[in-house]
Protein chains: 2
Amino acid sequence: MPALPHAAPATLHDVAREAGVSLATASRSLNGSARKVNDDYRQRVLAAAARLNYSPNFSAQAIAKGSTSTVALVVSDIADPYFSSIAAGVIRAAEAEGLIVTMAVTERNPERELELVRALRGQRPRVMILTGSRSVDSEHQAALITELTAFTATGGRVVLISQEGLPFNTVVVDNYLGARALANALVAQGYRTFAALTGAETLVTSRDRLAGFADGLAEHGIAIHPDRVVRGEFTRDGGFAAATELLATGLEQVDLVFAVNDVMAIGAMSALREAGIDVPGDIAVAGFDDIDTARDVTPALTTVNIPLTDVGRQAVALALSDTARTGDEAVRVATRVILRASSPAR
Amino acid sequence: MPALPHAAPATLHDVAREAGVSLATASRSLNGSARKVNDDYRQRVLAAAARLNYSPNFSAQAIAKGSTSTVALVVSDIADPYFSSIAAGVIRAAEAEGLIVTMAVTERNPERELELVRALRGQRPRVMILTGSRSVDSEHQAALITELTAFTATGGRVVLISQEGLPFNTVVVDNYLGARALANALVAQGYRTFAALTGAETLVTSRDRLAGFADGLAEHGIAIHPDRVVRGEFTRDGGFAAATELLATGLEQVDLVFAVNDVMAIGAMSALREAGIDVPGDIAVAGFDDIDTARDVTPALTTVNIPLTDVGRQAVALALSDTARTGDEAVRVATRVILRASSPAR
DNA sequence: ACCGATTCGGAATAGGCTTTCCCTCTAGGC
DNA sequence: GCCTAGAGGGAAAGCCTATTCCGAATCGGT
């Protein structure tokens with residue numbers, strides 16, 4: 001059977017012909033321009049469009065009016081609840097503005113991120129939102145800045161999520177202060193000896209949280225023994241592995257394990273459980289992010305809340321705001337320590 | 001300060017001029033057409049492009065060659081791990097094919113789904129993948145079919161996920177059989193009296209799972225008392241609420257609560273725990289989907305595994321396969337009962 | 001009844017790119 | 001050395017829509 005030739009989608013031209021009007025009139029009828037068109041004609045055009053199942057070609061529209069209505073969102077891993085919650089906020093806010101969201105996933109790879117941004121530029125999105133995986137690795141960093149600058153130079157808006165210090169609009173999550181507050185709260189709960197599970201050395205988020213936590217402890221004269229700081233991937237499995245590694249070094253005197261994010265904390269809890277260690281009886285655990293499932297694990301996870309959906313929403317709002325034209329606006333979102341059963345007072 | 005006029009992005013034209021070659025040559029150099037271009041010229045073009053920070057305009061390309069390279073993905077709720085895992089699979093597979101993914105969220109609203117599909121058509125995506133929220137509500141259903149048919153009629157590929165019976169390519173998850181197998185397995189574990197938490201009546205997925213579960217029990221002469229089937233939203237909070245409602249009716253003799261999906265099951269577990277009921281000591285729980293966190297809650301959740309990421313991958317593969325041209329191909333994915341601590345043998 | 005001011009349909013153009021078609025130039029065959 | 005073929009650059013057509021510019025028709029005022 002020969003590949004049956006698909007009819008091409010109806011074009012505005014087809015609609016105009018079908019309705020017996022000019023292209024201009026058809027266009028004006030269908031997307032209510034400044035110019036009015038006689039209601040008679042309008043109806044005819046609308047009817048013709050319906051009859052032909054017409055759907056406007058966004059690409060053509062984009063090219064004709066020189067701007068698209070898409071928001072490009074870059075995340076590390078959409079299956080990670082941290083990112084999917086932010087994405088949910090971005091999508092909701094974008095749709096409310098009549099914008100379409102395109103999404104790309106870096107798989108936590110800076111190189112890939114650069115490629116993606118480069119490719120995404122081709123879409124001529126109104127806004128590009130980058131979240132996660134910012135690293136201090138300066139090589140890709142520089143190239144990324146170049147690329148983003150080229151984008152903003154041509155009118156694009158860039159918003160970074162949770163990555164301070166770059167010359168772009170940013171929704172800032174105060175990882176440092178949040179972690180410090182958490183440390184204080186945990187000390188107040190009676191904890192004294194800590195271990196930490198952290199992400200790759202180059203990950204800014206991971207660094208900030210660890211630094212904040214350490215500084216918070218330092219206020220009380222407490223330090224984390226270097227052997228008790230274990231690196232792992234920034235994922236559930238990374239947390240599981242890191243906790244396992246930590247176990248190997250002996251955890252007898254440790255009161256509480258702080259994981260720099262919730263998914264790691266949850267992985268760690270599973271690892272501890274499998275090793276026959278009771279949480280929080282033997283060791284308490286705390287995370288960061290307050291992802292949805294943090295309250296559903298047992299014991300419920302002590303963490304630092306970030307209003308993730310809101311972060312997404314704010315990112316869109318920031319991108320669209322007039323003040324953001326300058327490109328170095330910062331919006332801060334508040335974090336909040338949430339004490340739950342995984343770190344009872346002792 | 002006057003809004004500084006942004007320079008327009010460099011066009012292919014600019015690149016050609018900068019390189020001192022024709023438009024055609026520039027185009028050919030940059031995206032390797034069938035025609036070869038002298039390496040000398042090529043280099044000149046590439047250099048010019050780099051110098052100008054050129055990025056091809058996808059809209060223009062799309063319009064010029066009459067086809068885009070985007071995949072449109074429609075999900076109910078991206079923050080739900082079921083959908084985000086599928087999305088991860090879709091995105092990975094799409095990116096491997098050089099396709100861009102655009103995503104839209106229905107918020108579980110059929111009307112919204114229809115609107116979105118209508119809008120998405122305007123993107124002229126190569127592929128449209130719809131997942132979730134299929135309902136038997138025939139009104140929107142008919143309109144949706146019309147819209148999708150118009151799309152396929154013009155060469156677009158449609159793939160439905162987990163929604164049999166519609167005249168489109170489908171990745172079929174055998175909800176019915178999976179649930180039946182689960183019921184059998186649970187009876188084998190020694191459970192005899194069941195309650196169920198289910199989604200909206202019109203949700204096909206929910207219906208199929210409940211029916212399969214009921215039929216599985218029926219094989220052993222067991223029926224679920226109608227009062228013990230509670231409807232709730234297809235979400236964590238829905239599960240929490242439904243379980244709370246169930247508690248009000250008294251659960252003394254119930255051995256196990258089956259929730260038609262994992263997020264509901266996890267919500268239910270939290271509700272039971274808050275009510276002071278021990279899981280699985282007092283009541284066992286089982287879910288469906290095997291989302292990542294199912295293994296991390298305590299007790300780990302008994303469920304039916306669906307290879308979610310793979311489902312997404314398969315959807316893309318199916319859409320791109322030649323055999324899918326007919327538009328009613330079905331790919332089945334296997335489900336697998338996973339017994340965990342939430343339903344120990346008794 | 002006539003003139004200027006609106007209103008509104010239509011033709012034409014623009015917008016960035018791909019691709020066909022034409023034509024020149026070079027290499028190879030005899 | 002001449003002719004043919006093939007390689008490859010360039011001009012131009014075309015993809016689909018929005019919009020500007022024109023001109024015709026209508027309306028109101030006097």
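All chains are named by letter (A, B, ...) in the order of the sequence lines, taking the proteins before the strands, and each is independently numbered beginning at 1. Side chains are part of it too, since the values below use all heavy atoms of this structure and drop only hydrogens, waters and symmetry mates. What you see is a predicted model, and the numbers here were worked out from it, not measured in a lab.
- If you measure from atom CG of B/Leu12 to atom P of D/dG10, you get 13 Å, rounded to the nearest angstrom.
- Atoms CZ and OG1, on A/Phe58 and B/Thr102 in that order, are 10.0 Å from each other to the nearest 0.5 Å.
- One can place CG of A/Leu23 at 18 Å from P of D/dC21, the figure rounded to the nearest angstrom.
- Helix bend of the helix from C/dA1-D/dT30 to C/dC30-D/dG1: the angle between its two end axes, each built from five pairs, comes to 30° after rounding to 10°.
- Rounded to the nearest 0.5 Å, atoms CD1 (B/Ile86) and CD1 (A/Ile78) are 13.0 Å apart.
- Near DNA chain C, meaning a heavy atom under 4.0 Å from it, residues 52-63 of chain B has B/Tyr54, B/Pro56, B/Asn57, B/Ala60, B/Gln61, B/Ile63 in order of number.
- Ranked by how close their nearest DNA chain D nucleotide is to the 5' end, B/Tyr41 and A/Ser27 are led by B/Tyr41.
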Would you tabulate the nitrogen or oxygen pairs shorter than 3.5 Å linking the protein to nucleotides 4-6 of chain D?
none

Side-chain donor/acceptor pairs under 3.5 Å, residues 37-47 of chain A, sequence neighbours excluded:
| from | atom 1 | to | atom 2 | distance (Å) |
| --- | --- | --- | --- | --- |
| A/Asn38 | OD1 | A/Asp40 | N | 2.7 |
| A/Arg44 | NE | A/Ala19 | O | 3.1 |
| A/Arg44 | NH2 | A/Ala19 | O | 3.2 |

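- Rounding to whole angstrom units, NE2 of residue A/His13 and P of D/dA18 are separated by 14 Å.
- For the pair B/Thr170 (side chain) and B/Val172 (backbone), a donor-acceptor distance under 3.5 Å is absent.
- Summarising the geometry, the separation between CZ on B/Arg35 and C1' on D/dG9 is reported as 7 Å, rounded to the nearest angstrom.
- In this structure, A/Asn38 atom CG and D/dT26 atom P are separated by 11 Å, rounded to whole Å.
- Considering only residues two or more places apart in sequence or on other chains, B/Glu111 meets the side chain to side chain donor-acceptor pair (under 3.5 Å) condition with none of them.
- Once you apply a 4.0 Å limit to the heavy atoms of chain A, the touched nucleotides of DNA chain C run 5' to 3' over C/dC8 to C/dG16.
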